[in-house]
Amino acid sequence: MKKVLIANRGEIALRIVRACRELGLQSVAVYSDADARAPHVREADEAVRLGPPPSAESYLRGDLIIEAAQRVGADAIHPGYGFLSEREWFARAVRDAGLIWVGPPAEAIAAMGSKTAARTLALAHEVPVVPGTTDALRDAAEAAEIAARFGYPVLLKAAAGGGGKGMRVVREASALASSLEAARREAQNAFGDDAVYVEKYIDGPRHVEIQVLADAHGRCISLGERECSVQRRHQKMIEEAPSVAVNAELRKAMGAAAVRVAKAAGYVNAGTCEFLLAPDGQFYFLEMNTRIQVEHPVTELVTGIDLVQWQLRIAAGERLPFTSNIEPRGWAMECRITSEDAANHFLPSAGRVSYLRLPGGPGVRWDGGIGVGSEVSLFYDAMLAKLIVWAPTRAEAIARMQRALDELTIDGLETSREFHLRVMEDDEFRRGAIDIQWLERRLDSLVGAPAPRELMEAAAIAAALLAERDRARRAPRTARPGAAEAARDTLPEHQPWARLARQQGLRGE
Ligand code: ADP
């Protein structure tokens with residue numbers, strides 16, 4: 001392996017460029033027109049344009065990406081996370097084109113792609129899953145019979161699900177039929193597959209996941225856990241390693257379970273088994289993510305193992321030199337810095353980064369994808385960067401994160417920096433008393449009322465927008481007919497603001 005094409009953008013693309021450079025590999029970036037001057041493009045050895053900004057015309061164009069790899073003479077493709085990273089057909093197409101896929105075999109992606117299939121596999125290898133069915137539900141009557149057996153609340157889940165879509169909590173029998181209907185409809189729309197199954201709803205669990213590495217020579221090891229319970233709408237916001245809820249014995253048991261699942265799926269490369277950890281200490285396998293995770297750096301910092309380098313080395317055929325399961329050293333924590341306005345229902349914010357001051361000093365790591373002058377558009381995910389710290393203990397890691405967040409300045413758009421500072425000050429968070437519903441319970445007191453200064457800024461922006469609208473009304477109409485519809489079609493699917501814009505027909509009012 002000599003040259004790696006990186007089929008991604010933003011911070012993870014830059015992260016992979018850096019791993020390539022340290023390993024003496026050439027790197028090739030790809031980009032859409034919105035990213036022509038992005039840091040991942042500047043830092044790579046070469047760069048290839050894919051197309052216009054919408055992902056469907058650029059980062060999701062597997063055909064163009066494989067063509068580009070062949071044209072520049074790359075011998076491997078690293079997909080990062082998101083985009084094409086968990087598409088079985090793409091892994092297959094890369095292999096069929098004679099290129100190395102930096103990820104698990106297409107068959108392992110397929111085996112873990114369906115939640116019901118993954119549950120069946122886990123059960124067959126004595127890995128506990130949340131009590132529920134492994135087959136899709138036939139009808140509401142069957143659902144009612146099964147739910148009665150487990151007791152309410154239950155959770156309906158799409159077999160093909162991801163990103164929390166096609167999921168419905170049902171608290172009583174009377175709501176079951178309509179919820180099943182709604183979950184099916186949502187699953188059909190999102191995944192083209194309306195298979196829905198039922199699980200017991202676990203109250204107040206933590207999200208604890210296990211990082212595994214497997215080489216192509218039969219060795220598979222666990223690198224310990226990450227705690228990702230600080231979630232909003234099933235999206236992780238803060239992650240740490242290790243977890244306050246996991247001791248050496250539990251770590252060993254969960255690690256062994258994750259390795260059994262990975263081996264059963266014929267897994268090779270870096271992967272993550274997600275579990276729910278109930279308050280009573282029982283853990284349940286949820287799913288396996290067949291790619292590098294956003295939160296991989298916290299594991300890197302407590303194990304000293306470079307996961308992205310090992311992804312590349314495993315893909316190149318190297319053997320893992322580690323023989324035993326690895327114990328974490330110290331404490332690592334990650335805050336996802338997003339272009340979202342926490343004080344305003346996490347509304348996505350767009351703009352040009354006019355000033356950037358990055359934190360530094362002991363134990364601080366910045367994995368970012370922006371620089372001064374970067375245009376943050378609404379075409380892509382709102383995550384701009386990850387701020388990660390390491391310290392000997394959890395309390396010291398929190399103090400370090402506060403210091404690093406204090407040092408961080410990003411001007412030109414709203415970010416989640418302030419929100420993270422408030423979490424770091426929160427009493428329950430500091431005690432580690434968190435579960436996956438914690439943030440939603442706590443959000444109002446964390447986000448609070450906007451400061452007077454923020455209100456003044458909002459008023460100033462509103463005045464500027466009104467002035468702009470008046471100006472536009474006076475100006476001759478230059479917009480092409482159909483331009484509003486075309487713009488609307490490029491809006492991201494699941495963002496609340498985009499939905500709103502679509503409902504409003506993008507009239508600009
Ligand atoms: P997706 O693939 O759509 O993200 P997951 O199965 O990974 O779906 O679940 C997403 C999140 O939903 C989990 O991280 C957890 O917060 C919550 N969740 C999933 N299953 C259960 C359950 N049985 N009980 C309670 N919460 C759950």
Side-chain angles (χ1 to χ4, degrees), residues 81-82 85-87 109 111-123 127-134 136-137 143 146-147 149-171 179 182-184 186-191 193-210 225-239 243 245 254 258 261 271-280 282-291 293-295 336 381 434-443 493-494:
Y81 53 69
S85 60
E86 290 181 288
R87 305 283 170 92
I109 299 178
M112 289 297 154
S114 149
K115 286 186 197 293
T116 42
R119 280 165 67 81
T120 307
L121 192 83
L123 278 173
V127 172
V129 299
V130 182
T133 58
T134 45
L137 292 165
I146 294 165
R149 224 181 313 140
F150 298 137
Y152 288 87
V154 295
L155 189 60
L156 298 171
K157 272 193 186 182
K165 278 195 289 302
M167 245 165 61
R168 283 280 186 296
V169 184
V170 186
R171 303 203 173 268
S179 296
R184 277 206 171 135
E186 202 173 305
Q188 179 64 37
N189 287 340
F191 315 109
D193 174 359
D194 74 350
V196 168
Y197 70 100
V198 63
E199 271 182 20
K200 170 119 194 81
Y201 182 75
I202 311 283
D203 233 344
R206 290 168 182 266
H207 174 116
V208 176
E209 58 187 32
I210 299 283
E225 80 280 9
R226 289 186 288 260
E227 157 97 53
C228 315
S229 294
V230 181
Q231 299 183 356
R232 180 177 166 269
R233 299 193 173 159
H234 305 303
Q235 301 288 324
K236 300 164 188 169
M237 304 200 67
I238 297 172
E239 302 97 342
S243 161
M254 293 182 80
V261 169
T272 297
C273 288
E274 297 190 330
F275 295 91
L276 288 180
L277 178 60
D280 64 4
Q282 176 63 51
F283 62 87
Y284 305 98
F285 171 76
L286 272 185
E287 64 173 345
M288 182 167 194
N289 290 324
T290 52
R291 52 169 164 81
Q293 302 266 106
V294 170
E295 58 274 20
R336 298 189 183 197
D381 192 87
I434 46 176
D435 60 57
I436 59 173
Q437 286 116 25
W438 175 79
L439 185 57
E440 306 272 357
R441 280 199 305 272
R442 206 73 175 158
L443 207 51
E493 274 290 302
H494 321 291

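Predicted, not measured: the structure shown is a model, and the values here were computed from it. Whatever order the structure lists them in is the order used to number ligands and atoms, beginning at 1. Computed from heavy atoms alone, side chains included, the values below leave out hydrogens, waters and symmetry copies.
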**Intermediate values then yes/no, side-chain contact (heavy atoms from CB on, under 4.5 Å), M237 and L439** = CA-CA 10 Å; M237 304 200 67; L439 185 57; 3.7 Å; yes

**Message:** Among all the protein's non-hydrogen atoms, which is closest to atom 24 (N) of ligand 1, and how far away is it?
**Reply:** I202 N, 2.9 Å

**Request:** Any atoms of ligand 1 less than 4.0 Å from a non-hydrogen atom of E199? List them with their elements.
**Result:** 20 (N), 22 (C), 23 (N)

**Lys/Arg N to Asp/Glu carboxylate O, E239 vs R226, below 4.0 Å** = no

**Prompt:** Closest non-hydrogen protein atom to atom 19 (C) of ligand 1, residue and atom name please, with distance?
**Reply:** K157 NZ, 3.4 Å

**Prompt:** Of the protein's non-hydrogen atoms, which lies at the shortest distance from atom 5 (P) of ligand 1, and what is that distance?
**Reply:** K115 NZ, 3.6 Å

**Asked** Should the proximity of L155 to ligand 1, defined as any heavy atom under 4.0 Å, be assigned to the side chain, the backbone, both, or neither?
**Response** side chain

**Fill in**
Candidates M167, H234, K165, Q437; heavy atom nearest atom 9 (O) of ligand 1 found on M167

**Asked** Is R206 paired with E225 through a side-chain N to carboxylate O contact shorter than 4.0 Å?
**Response** no

**Prompt:** When you look at Q231 and E440, which way does the side-chain contact (heavy atoms from CB on, under 4.5 Å) test go after all the steps?
**Reply:** CA-CA 8 Å; Q231 299 183 356; E440 306 272 357; over 6 Å; no

**Message:** Nearest 0.5 angstrom please: L443 CG to W438 CH2, how far?
**Reply:** 9.0 Å

**Prompt:** Can you list the steps and then say if V208 with F283 is a side-chain contact (heavy atoms from CB on, under 4.5 Å)?
**Reply:** CA-CA 9 Å; V208 176; F283 62 87; over 6 Å; no

**Prompt:** Can you name the side-chain contact (heavy atoms from CB on, under 4.5 Å) partners of A136, sequence neighbours left out?
**Reply:** A195

**Complete:** Near Y201 (heavy-atom distance under 4.0 Å), the atoms of ligand 1 are 24 (N), 25 (C), 26 (N)

**Prompt:** Any idea which part of D203 is under 4.0 Å from ligand 1, heavy-atom wise: side chain, backbone, both or neither?
**Reply:** neither

**Message:** Please confirm whether K236 approaches ligand 1 to less than 4.0 Å, judged on its heavy atoms.
**Reply:** no

**Request:** With sequence neighbours excluded, tell me which residues meet side-chain contact (heavy atoms from CB on, under 4.5 Å) with L123.
**Result:** V129, T134

**Asked** Does ligand 1 have an atom that lies less than 4.0 angstrom from a heavy atom of K200?
**Response** yes

**Item:** Residue, atom name and distance, where the atom is the protein heavy atom closest to atom 14 (O) of ligand 1
**Value:** H207 ND1, 3.3 Å

**Request:** Name the closest protein heavy atom to atom 3 (O) of ligand 1, giving the residue it belongs to and the distance to 0.1 Å.
**Result:** G164 N, 2.5 Å

**Message:** Students should be able to answer this: which protein heavy-atom is nearest to atom 13 (C) of ligand 1, and at what distance?
**Reply:** L286 CD1, 4.0 Å

**Asked** Counting distance only, does the side-chain N/O of S229 pair as donor-acceptor with the main-chain N or O of H207 below 3.5 Å?
**Response** yes

**Prompt:** Going by the order shown, which atoms of ligand 1 are within less than 4.0 Å of some heavy atom of V130?
**Reply:** 23 (N)

**Request:** Applying side-chain contact (heavy atoms from CB on, under 4.5 Å), run through E274 and Q293 and close with a yes or a no.
**Result:** CA-CA 11 Å; E274 297 190 330; Q293 302 266 106; 3.9 Å; yes

**Item:** Atom indices of ligand 1 within 4.0 angstrom of E274 heavy atoms, with elements
**Value:** 7 (O)

**Asked** Can you tell me the protein heavy atom closest to atom 7 (O) of ligand 1 and the distance?
**Response** E287 OE2, 3.0 Å

**Fill in**
ligand 1 to I436, heavy atom cutoff 4.0 Å, flagged ligand atoms 15 (C), 16 (O), 17 (C), 26 (N)

**Message:** Within the 4.5 Å heavy-atom criterion, are K157 and R119 side-chain neighbours or not?
**Reply:** no

